[in-house]
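Structure first, then comments.
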Amino acid sequence: MSAWFNPARELDALIRRVATSVPALGADFDPQVRPATDTRHGDFQCNGVLAAAKIAKLNPRALATELLAALETEGTLKKAGFESDVAGPGFINFRLTPAALAEWIHEYRDADAWRRGASALYAGRNVVIDYPSPNTAKQMHVGHLRPIVIGEAVARLLEFCGAKLTRDNHIGDWGTNFGILILAIKRKGFILDASSPQALEDLEALYKEGSALTKADPAELDAARAELAKLQLGDTANTALWQQIVAVSNAAFQRIYDQFGLKSDVTLGESFYRDKVDQVYRELTECGLAEESDGALVVWHDDIPRFSRDAETKLPFIVRKKDGSSNYASTDLATILYRVEHMKAEEIVYVTDGRQQDHFQQLFITATKWFKATNRKLPRLRHVWFGTILGEDGKAIKTKSGDPVRLQSLIDEATAKAYEKVSEKNPELPEDERRTVIAPRIGVAALRYTDLGSNRTMDYRFSWEKMLSFEGNTAPYLLYQAVRVRSVFRNAGLKVGQGEEGASAPETPGEIALARKLLGFSAALEEACADLRPHALCTYLYDLAGAYSSFYADNKVLVDEPAVKARRLALCARTSALLESGLRLLGIEPLERM
RNA sequence: GAGGGGGUAGCUCAGCCGGAUAGAGCAUCGGUUUUCUAAACCGACGGUCGCGGGUUCGAGUCCCGCCCCCCUCGCCA
């Protein structure tokens, strides 16, 4: 074990250490080590000398030369396989020798090795991730795509980097809509059957009707409230109905989760916390954080102008409604406490729509003060938020009738298009494989990748054309590249990873470029983890696939010279493993052929 | 009004812990296959990085002002 998993990080540490022996630099010198912006400059560059020279009023080139001399004397640089020089106004460029590239490729050969390299980021940390957390009694629609897809990718990233992860599906199963729904069910004498695929759709229709009635007739609204009150007081009939509604919802959700390969460790919905909110009210009141306002129990944050009681537009954190019932603020607070006490959470990650930013900001501030006042240890709280999926017109996506687009219909359409495309491109593959394996996987992968491919904080325009186009930075392109690599091994009669003995160091431009790209994985992973942005990984995988394609076009793998063939097979094997591991991190299951 | 996001090629978007000549895909035009999956590769075309100031050796990236678009703002989650 000698090659650095993440050379940029190690280089940075090394330069900092050596800089202490250079008088003009010292201990607080920031080397600003970055991947080289242009490969002609090498693999990594140190930009920090320019700024330091300015402060010390020295010639930057001379200072860079001095620092580099100290680095070279120290010896590590050469051992790690770097060549280096001073360039331009005072940059220091570092280039890994082909032998060093070969060593990394030899050493970091599979997901286990990468996981070990990456484990420093989250080693052993207890993390609870809250997703996709849908509301019950409604079918999953396009709005549920992002929490599923982003949540799963973030979860896998964290797990890959060593976190001890609990996936907690915090379903919304205790909302005020249950009064309306229960009333409507009773009126119609409707019988619920959780095993029926139709059941949730029926519930939704009932709710729509009931909702319209309550809007039209105040007496109806009172009746609905009465049903809700009965439920909350533990009425047997209403509780049974509520349980059935939740069961119907969960069964329908599960059918969607299965198609996305989603598994929760626990599903503790809001209802689970209904007997735990009193403690929240009591403690918040006792430590002087919460107070009555217009009959509700609210928390003001006078230290934050926007959330202060003096703000122009009042935005209190309402923890108990004026009718005495809880809301998501109260249950979210109770949930934090539960996760800390019973799941030993050191970090909680919420994956939700960006429109909830105010809520989470207030939640986090309130929790911070509450935990401080009660001498509890606060976990790190992170809101991983995302933008909205827009229709082709740039407005919230809807069907022609104005209803939300069902998630299942998105999956079906994507799958159908994928089937068409595969059948056109590769008709000799067995029909059954195309239909049951390849098409569904490409379809779901396309949905996922479209969602993950751009920065999550951006809104994006949903376009069938773009989503199902199999060119450019898309899932089918990446899947295709992964399949092409596998095909090389199939033709050679080898398993991926075999035939590397006696490999020489990369030599041709295509080989070198690919090898460098492979090394870039560690940095991409770190970047994706830092802000929990899966799209950094997407960008990397796309680059890697491109580097492979160029390599593949100019470097025939199955050649006669054993050393050349072995080194190219090694490059192929690593590309294959990295593409496939990377896709899995995004939640995308790679294919054998397509 | 306050807060958040966005404004980069005709379109969709990367790049934004300041770094050397601003990148992809699509579209348009052209080239590459008796060769490991051409769903590919290579090339050409295409830019006042919203506008104006400032900081800096260096600004798409940081700061200030302004303009435009989207979202949120008292009891839904």
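Keep in mind the model is a prediction, meaning the values are calculated, not measured. Order of the sequence lines sets the chain letters (A, B, ...), proteins ahead of strands, with each chain counted from 1. Excluded from the calculations below are hydrogen atoms, water molecules and symmetry mates; all remaining heavy atoms, backbone and side chain alike, are included.
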Which of residues 528-540 of chain A have a heavy atom under 4.0 Å from RNA chain B?
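Heavy-atom cutoff 4.0 Å gives A/His535, A/Thr539.
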
Considering residues at least two apart in sequence or located in another chain, which fulfil the side chain to side chain donor-acceptor pair (under 3.5 Å) criterion with [X]?
X: A/Arg34; answer: none
X: A/Thr65; answer: none
X: A/Tyr552; answer: none
X: A/Asn250; answer: none

Write out all pairs satisfying salt bridge (Lys or Arg N to Asp or Glu O under 4.0 Å) with one or both partners inside residues 299-308 of chain A, taking only residues at least two apart or from two chains.
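Sorted result for residues 299-308 of chain A: A/Asp302-A/Arg309, A/Asp303-A/Lys369, A/Arg306-A/Asp358.
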
Of all pairs that satisfy salt bridge (Lys or Arg N to Asp or Glu O under 4.0 Å), the ones with a partner from residues 313-325 of chain A, not counting sequence neighbours
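Qualifying pairs: A/Glu292-A/Arg320.
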
At a cut-off of 3.5 Å, list every protein nitrogen or oxygen paired with a nitrogen or oxygen from nucleotides 42-47 of chain B, distance to 0.1 Å.
unit_1 : atom_1 : unit_2   : atom_2 : d
B/C42  : OP1    : A/Ser550 : OG     : 2.8

If you go through the side-chain atoms of A/Thr313, does one of them form a donor-acceptor pair with the base of B/G1 closer than 3.5 Å?
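Side chain to base: pair present.
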
For RNA chain B, what dot-bracket results from Watson-Crick or G-U pairs at under 3.5 Å, with [ ] for crossers and | for inter-strand partners?
((((((((.[[[[.)...(...]]]].(((((.......))))).....[[[[[..)....]]]]])))))))....

With sequence neighbours excluded, tell me which residues meet salt bridge (charged side-chain N to carboxylate O under 4.0 Å, His left out) with A/Glu10.
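Residues passing salt bridge (charged side-chain N to carboxylate O under 4.0 Å, His left out) with A/Glu10: none at all.
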
Would you tabulate the nitrogen or oxygen pairs shorter than 3.5 Å linking the protein to nucleotides 23-31 of chain B?
unit_1 : atom_1 : unit_2   : atom_2 : d
B/A24  : O2'    : A/Tyr542 : OH     : 3.1

Listed partners of A/Glu433 passing side chain to side chain contact (heavy atoms under 4.5 Å, CB included), at least two apart
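So A/Glu433 forms a side chain to side chain contact (heavy atoms under 4.5 Å, CB included) with A/Pro430, A/Val437, A/Ile438, A/Arg593.
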
